[in-house]
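Some notes on the structure that comes next.
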Amino acid sequence: MAGLDKRVSTYAEALEGLEDGMTVLAGGFGLCGIPENLIAEIRRRGVKDLTVVSNNCGVDGFGLGVLLEDRQIRKMVASYVGENALFEKQLLNGELEVELTPQGTLAEKMRAGGAGIPAFYTATGYGTPVAEGKEVREIDGRHYILEHAIRGDFAIVKGWKADHFGNVMYRHTAQNFNPLAATAGKITVVEVEEIVEPGELEPSQIHTPGIYVDRIIQGSFEKRIEKRTLRD
Amino acid sequence: MALTREQMAQRVARELKDGYYVNLGIGIPTLVANYVPAGIDVMLQSENGLLGMGAFPTEAELDADMINAGKQTVTALPGAAIFNSAESFAMIRGGHVDLTVLGAFEVDVEGNIASWMIPGKLVKGMGGAMDLVAGAENIIVTMTHASKDGESKLLGRCSLPLTGAGCIRKVLTDLAYLEIEDGAFILRERAPGVSVEEIKAKTAGRLIVPEQVPEMTFD
């Protein structure tokens with residue numbers, strides 16, 4: 001890594017500086033577009049007491065679910081966490097704190113965090129448990145609640161292709177939260193299937209401009225399918 | 001006879017208009033896609049960032065990077081668009097989706113909906129549901145009229161934590177199609193062979209029954 005060249009060669013290098021107690025934003029929707037190797041590296045490092053912000057928490061044994069096994073997650077901010085038995089167990093035991101956040105609000109919190117917007121009003125959640133303790137404002141006859149931006153010490157992101165400068169393209173619906181997480185990490189690490197030379201990616205087709213990206217690493221991915229559904 | 005899931009989906013599909021952008025929740029709502037009336041085109045929006053969701057893939061088309069909001073593998077139609085989650089919810093919250101169909105545990109006469117949490121039993125999260133009900137003008141809730149024990153789910157006041165407040169106007173149950181106006185359910189249609197009496201008995205919230213309540217018909 002030097003100047004504008006974001007490439008690192010090992011996963012250890014990719015997550016250098018990740019420490020206990022940090023907040024990590026992770027891209028992905030279900031198991032789609034998850035930074036599976038960066039997650040595995042977090043597991044290997046053994047950092048604990050993490051606050052993890054991601055739409056979901058993987059499944060038992062894969063994705064963010066593996067970070068539950070050694071109790072590395074202290075708090076999860078997510079919109080849906082129904083897919084792991086271990087998650088439910090730790091939640092009921094009081095070993096794990098969860099802040100359930102509406103999916104759109106979660107996306108907007110990350111977007112705002114990366115965009116210098118400290119807080120925003122949304123109608124989502126007004127009149128529900130999500131609104132508890134939050135400021136309410138009436139605007140043009142409708143009620144909105146004040147939600148604050150989210151930023152992470154680290155953002156771990158899965159992309160499809162990146163060039164040396166950290167410009168990233170995503171593939172199909174593996175995009176989801178990745179571009180948002182990418183903007184809102186103090187240190188943003190993107191793992192991709194292919195790293196290409198600057199100039200190979202069409203500028204107007206880049207989803208995440210390299211300005212947001214600190215480190216990129218090429219990896220190979222299992223891409224596990226959560227619900228393999230075929231038409232009969 | 002109470003409507004089957006397929007009949008409920010068929011009835012909802014009659015609300016589709018040519019050129020509609022539609023978000024279908026998991027469960028019965030997804031079946032609506034199978035009954036789009038002939039001669040009209042709609043585009044399905046999937047909250048995880050896909051506009052133009054197609055059918056489930058064949059083995060050859062299967063792609064781990066192409067899924068729907070229910071995490072099932074899908075295909076994208078020619079002319080589909082893919083975008084990030086903030087973009088997806090901008091579309092939803094910004095009122096650009098023409099019809100939203102989703103399920104519920106309870107609905108009440110004020111148009112409140114509870115669909116995501118049963119304290120002590122089910123606390124998995126709300127996903128995109130709260131954004132969908134807050135952002136949409138045109139929402140149809142699909143649900144069973146009463147629980148297996150005969151307890152009404154159409155109430156005077158929701159007992160479960162809400163997904164949204166005052167946002168529901170249209171409900172399609174396995175027994176009836178109802179609208180919500182001025183603090184009451186209004187019975188608009190009943191399922192074939194289902195009596196007004198049965199519907200009254202299973203509706204705990206205030207129910208207004210017009211003179212004529214037509215039966216739904218299905219081919």
Side-chain angles (χ1 to χ4, degrees), chain A residues 27 29-33 55-56 78-83 87-88 91-92 98 100-112 122-131 143-144 160 170-180 207-208 221-232, chain B residues 46-50 53-76 80 82-93 110 112-114 116-117 119 122-135 161-167:
Chain A
F29 181 92
L31 298 181
C32 185
N55 191 52
N56 315 99
S79 84
Y80 187 79
V81 293
E83 311 303 340
F87 192 103
E88 210 166 326
L91 179 58
L92 293 171
V98 165
L100 291 171
T101 307
Q103 196 180 147
T105 299
L106 185 62
E108 191 63 17
K109 278 170 173 268
M110 288 189 195
R111 198 202 71 81
T122 175
T124 300
Y126 174 72
T128 79
V130 162
H143 289 100
Y144 299 85
W160 179 39
Y170 305 96
R171 184 169 180 272
H172 298 335
T173 62
Q175 183 175 167
N176 61 68
F177 282 82
N178 284 299
L180 312 161
H207 295 123
T208 294
F221 300 85
E222 182 187 330
K223 289 200 193 180
R224 194 177 293 191
I225 292 174
E226 200 166 338
K227 291 186 187 160
R228 191 172 185 276
T229 317
L230 300 176
R231 70 169 174 272
D232 14 62
Chain B
S46 189
E47 70 193 15
N48 58 310
L50 171 61
M53 183 170 68
F56 295 131
T58 60
E59 186 87 51
E61 291 167 333
L62 185 68
D63 189 328
D65 288 337
M66 192 72 87
I67 65 168
N68 67 14
K71 282 117 187 178
Q72 300 168 306
T73 45
V74 288
T75 57
I82 289 176
F83 33 86
N84 69 52
S85 298
E87 194 63 67
S88 180
F89 282 90
M91 247 168 247
I92 288 169
R93 214 191 296 106
E110 301 299 329
N112 298 321
I113 173 175
W116 70 284
M117 184 185 168
L122 186 87
V123 195
K124 297 190 176 192
M126 68 293 278
M130 289 190 177
D131 292 281
L132 284 158
V133 300
L162 299 185
T163 305
C167 48

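Chain identifiers are assigned alphabetically (A, B, ...) following the order of the sequence lines, protein sequences preceding nucleic acid strands; residue numbering begins at 1 within each chain.
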Does any backbone or side-chain atom of [X] lie under 4.5 Å from a heavy atom of chain A? Answer side chain, backbone, both or neither.
X	value
B:Glu87	neither
B:Thr163	backbone
B:Asn112	neither
B:Val74	neither
B:Leu62	side chain

Open item on the list: Can you give me the closest heavy-atom contact between B:Ser88 and B:Glu47, atom names plus distance?
Closed with: OG-O, 2.7 Å
Open item on the list: So which atom in A:Gln103 and which in B:Gly128 form the shortest heavy-atom distance, rounded to 0.1 Å?
Closed with: NE2-N, 3.6 Å
Main-chain N/O of [Y] paired to [X] side chain as donor or acceptor, under 3.5 Å:
X	Y	value
A:Thr124	B:Ala134	no
B:Thr75	B:Pro57	no
B:Thr73	B:Asp63	no
A:Thr128	A:Gly125	yes

Tell me, for [X] versus chain B, whether the close heavy atoms (under 4.5 Å) come from the side chain, the backbone, both or neither.
X	value
A:Thr101	backbone
A:Arg171	both
A:Pro179	side chain
A:Gln175	side chain
A:Leu180	side chain

Task: Ring-face cation of B:Lys71 near A:Phe29 (centre distance under 6.0 Å, axis angle within 45°) - done: yes
TODO: Report yes if the side chains of B:Trp116 and A:Pro102 come closer than 4.5 Å at any heavy-atom pair, otherwise no.
DONE: no
Open item on the list: A side-chain contact here means heavy atoms from C-beta on lying under 4.5 Å apart; do A:Leu31 and B:Ile67 qualify?
Closed with: no
Quick one: of [options], who has the most non-hydrogen atom pairs under 4.5 Å with chain B?
options	value
A:His172, A:Arg228, A:His207	A:His172
A:Asn56, A:Val98, A:Leu92	A:Asn56
A:Gly33, A:Gly82, A:Gly127	A:Gly82

Task: Choice from B:Asp65, B:Ile82, B:Thr58 maximising heavy atom contacts with chain A below 4.5 Å - done: B:Asp65
Task: Option in B:Leu50, B:Leu162, B:Asp131, B:Asn48 with maximal non-hydrogen atom pairs under 4.5 Å from chain A - done: B:Asp131
- [ ] To the nearest 0.5 angstrom, please state how far the NZ atom of B:Lys124 sits from the CG atom of A:Leu91.
- [x] 11.5 Å
